[in-house]
> 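Have a look at this one before I ask anything.
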Amino acid sequence: MSSQNSPHAARSLSPSPTITRHRSAHLSPVRANDILSSITGGAHYSGALPQRHSEEPPLHPQAWRRRSMTRSTEDPSVELAFQDVISDLEQLYAGRPSLEVIRRRWRTDASLEHPLFKCKGLREIDAVLFAIPRLARTIEHVSTRILSAGLAPNRLVYTQTYIYHLRLFGIRREIKSVVFVDLDDDMKIVQLIDQWNGEEVSTRWGMAWFRRLFAKIIAWTTRVPKQ
């Protein structure tokens, strides 16, 4: 039998399969340090954040960072929508809490994560916010800068710097943080995560348990006004 009619020859005459390579759908993470460095360079993030259906739970910052954050032209209407949110949060962080602001800005089932505590529900959030002025003699607001703001879903990422003069031993502490805020359709906070220097909150050595315990202790020991 000739080699021309052999199965091997038939296979060699058939066209080679075309191989198409697709780029991975996974995006490089946007690290908090990259976000902070953008401030130094004068970059400003604005526009829509990754889309989320209303029934989905709030995203953790680590999930946000796995998705793209693109620079875009500033949209005044988007920043204007978050102007009152920023103003209320600045008042609360500055140690000037009021039930009116808290009820206007937070949902009853909201959560607040912080390097020192993790609050679940408005009762614990109330206590923490009213405890701040009792721990600090004076609080100086240095700066606030929006990194990313988007509507539908309503999400806000910004940096802030405060100087706290603690009552205990007169300690002066400057705290820079990246704040991630997830809001509902009424612009009430569903989840707020505060990360000092943009670093992930530690969960090692039982820190998650300690932060929950500390939030409960504050709720038990802090008097919140009725009105």
Side-chain angles (χ1 to χ4, degrees), residues 29-32 35-36 45-69 78-79 81-93 97 99 101-132 144-160 162 175-203 207-216 218-219 224:
V30 179
R31 296 174 301 176
I35 298 175
L36 291 173
Y45 288 91
S46 63
L49 287 171
Q51 294 296 311
R52 173 176 65 88
H53 298 292
S54 59
E55 64 272 14
E56 292 181 7
L59 289 176
H60 189 275
Q62 189 174 6
W64 285 347
R65 291 169 185 167
R66 284 198 295 265
R67 303 188 182 189
S68 62
M69 294 179 81
V78 173
E79 292 211 12
F82 287 98
Q83 194 172 52
D84 290 340
V85 177
I86 290 289
S87 178
D88 287 345
L89 288 174
E90 285 178 350
Q91 177 178 336
L92 296 175
Y93 269 98
L99 288 180
V101 172
I102 297 173
R103 296 296 179 268
R104 177 174 69 232
R105 193 52 60 198
W106 295 79
R107 274 189 8 178
T108 56
D109 60 345
S111 65
L112 169 60
E113 294 194 38
H114 186 275
L116 299 179
F117 45 78
K118 182 177 181 179
C119 302
K120 293 182 179 181
L122 203 53
R123 179 175 177 272
E124 293 180 1
I125 293 173
D126 282 347
V128 164
L129 294 176
F130 276 95
I132 291 176
T144 297
R145 181 179 292 245
I146 295 177
L147 300 182
S148 183
L151 301 173
N154 301 326
R155 289 209 181 108
L156 174 66
V157 183
Y158 70 96
T159 62
Q160 62 181 14
Y162 284 86
I175 298 178
K176 299 179 180 180
S177 58
V178 178
V179 182
F180 299 81
V181 189
D182 208 319
L183 305 104
D184 64 12
D185 292 338
D186 296 322
M187 298 302 279
K188 287 192 172 185
I189 297 172
V190 179
Q191 176 181 255
L192 185 149
I193 301 178
D194 186 334
Q195 297 183 345
W196 288 353
N197 297 318
E199 297 177 358
E200 295 285 345
V201 177
S202 176
T203 57
M207 283 301 297
W209 177 85
F210 174 79
R211 289 189 296 120
R212 280 296 296 137
L213 177 62
F214 193 35
K216 290 180 179 294
I218 295 175
V224 176

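Model, not experiment: these values are computed from the prediction. As a basis for the values below, the full set of heavy atoms in this structure was taken, side chains included, without hydrogen atoms, waters or symmetry mates.
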> Check this for me: R104, atom CZ, are more than 12 non-hydrogen atoms of other residues, nucleotides or ligands nearer than 6.0 Å?
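Yes.
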> Applying side chain to side chain contact (heavy atoms under 4.5 Å, CB included), run through V101 and Q91 and close with a yes or a no.
CA-CA 9 Å; V101 172; Q91 177 178 336; 3.8 Å; yes
> How far does SG of C119 sit from CH2 of W106, to the nearest 0.5 angstrom?
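Reported value, rounded in 0.5 Å steps: 8.0 Å.
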> Supply the atom-to-atom distance I218 CD1 to F130 CZ, rounded to the nearest 0.5 angstrom.
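It is 14.0 Å, given to the nearest 0.5 Å.
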> Once you measure the plane-to-plane angle for Y162 and Y93, does it fall in the parallel (<30°), tilted (30-60°) or perpendicular (>60°) bin?
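Taking Y93 first and then Y162, their aromatic rings lie parallel (interplane angle under 30°).
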> State, yes or no, whether a side-chain contact exists between L112 and F117 at a heavy-atom distance under 4.5 Å.
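Yes, side chains in contact.
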> Kindly indicate whether the side chain of I132, heavy atoms from C-beta on, has any atom under 4.5 Å from the side chain of L92.
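No, their side chains stay 4.5 Å or more apart.
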> Grab the two heavy atoms, one from L116 and one from F214, that are nearest each other, plus how far apart they are.
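Here L116 and F214 meet closest at O-CD2, 3.1 Å.
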> At what distance, to the nearest 0.5 angstrom, does CD of Q191 lie from CZ of R107?
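Q191 CD to R107 CZ: 11.0 Å, rounded to 0.5 Å.
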> What's the separation between atom CZ in R105 and atom CG in L183, rounded to the nearest 0.5 Å?
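It comes to 7.5 Å.
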> Mind listing the closest non-hydrogen atom pair of P97 and L129 along with its distance?
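In this case the closest contact between P97 and L129 is CG-O, 3.5 Å.
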> Taking the side chain as C-beta and beyond, is there a heavy-atom pair between V178 and W196 under 4.5 Å?
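Not in contact.
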> Within the distance-only criterion (no hydrogens, no angle test), does the side chain of D182 pair as donor or acceptor with the backbone N or O of V190 below 3.5 angstrom?
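No, D182 side chain to V190 backbone: no donor-acceptor pair under 3.5 Å.
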> Can you tell if the side chain of F82 reaches within under 4.5 Å of the side chain of M187, non-hydrogen atoms only?
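Touching, per the 4.5 Å side-chain cut-off.
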> So R211 and H114, do their side chains get closer than 4.5 Å, heavy atoms only?
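The answer is no; the side chains never approach within 4.5 Å.
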> Taking the basic N atoms (NZ, or NE/NH1/NH2) and the acidic carboxylate oxygens, is any pair closer than 4.0 Å for R212 and E113?
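No, R212 and E113 are not salt-bridged.
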> With the side chain counted from C-beta on, respond yes when L122 and I102 share a heavy-atom pair under 4.5 Å apart, and no when they do not.
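Of all side-chain heavy-atom pairs linking I102 with L122, at least one is under 4.5 Å.
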> Taking only residues two or more places apart in sequence, or in another chain, which ones meet T144 in a side-chain hydrogen bond (donor to acceptor under 3.5 Å, both in side chains)?
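Per chain and number, T144 pairs via side-chain hydrogen bond (donor to acceptor under 3.5 Å, both in side chains) with E90, H141.
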> According to side-chain hydrogen bond (donor to acceptor under 3.5 Å, both in side chains), who are the partners of D186, at least two apart in sequence or on a separate chain?
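Applying side-chain hydrogen bond (donor to acceptor under 3.5 Å, both in side chains) to D186 gives none.
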> So which heavy atom on F180 is nearest to which on Q195, and how close?
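Here F180 and Q195 meet closest at CE1-OE1, 3.6 Å.
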> Looking at OG of S148 and CZ of R155, how far apart are the two atoms once the value is rounded to the nearest 0.5 Å?
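Going from OG on S148 over to CZ on R155, the span is 9.5 Å.
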> With rounding to the nearest 0.5 angstrom, report the CD1 to CG distance, I125 to L192.
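With rounding to 0.5 Å, CD1 (I125) is 8.5 Å from CG (L192).
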> Do L89 and I189 make a side-chain contact, defined as non-hydrogen atoms from C-beta onward lying under 4.5 Å apart?
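A side-chain contact exists here, since the closest heavy-atom pair is under 4.5 Å.
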> How about V181 and V179: do any of their side-chain heavy atoms sit closer than 4.5 Å?
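In short, these two side chains touch, coming nearer than 4.5 Å.
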> Check D109 with K188, please: is the shortest side-chain N to carboxylate O separation under 4.0 Å?
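Salt bridge flag = no for D109 with K188.
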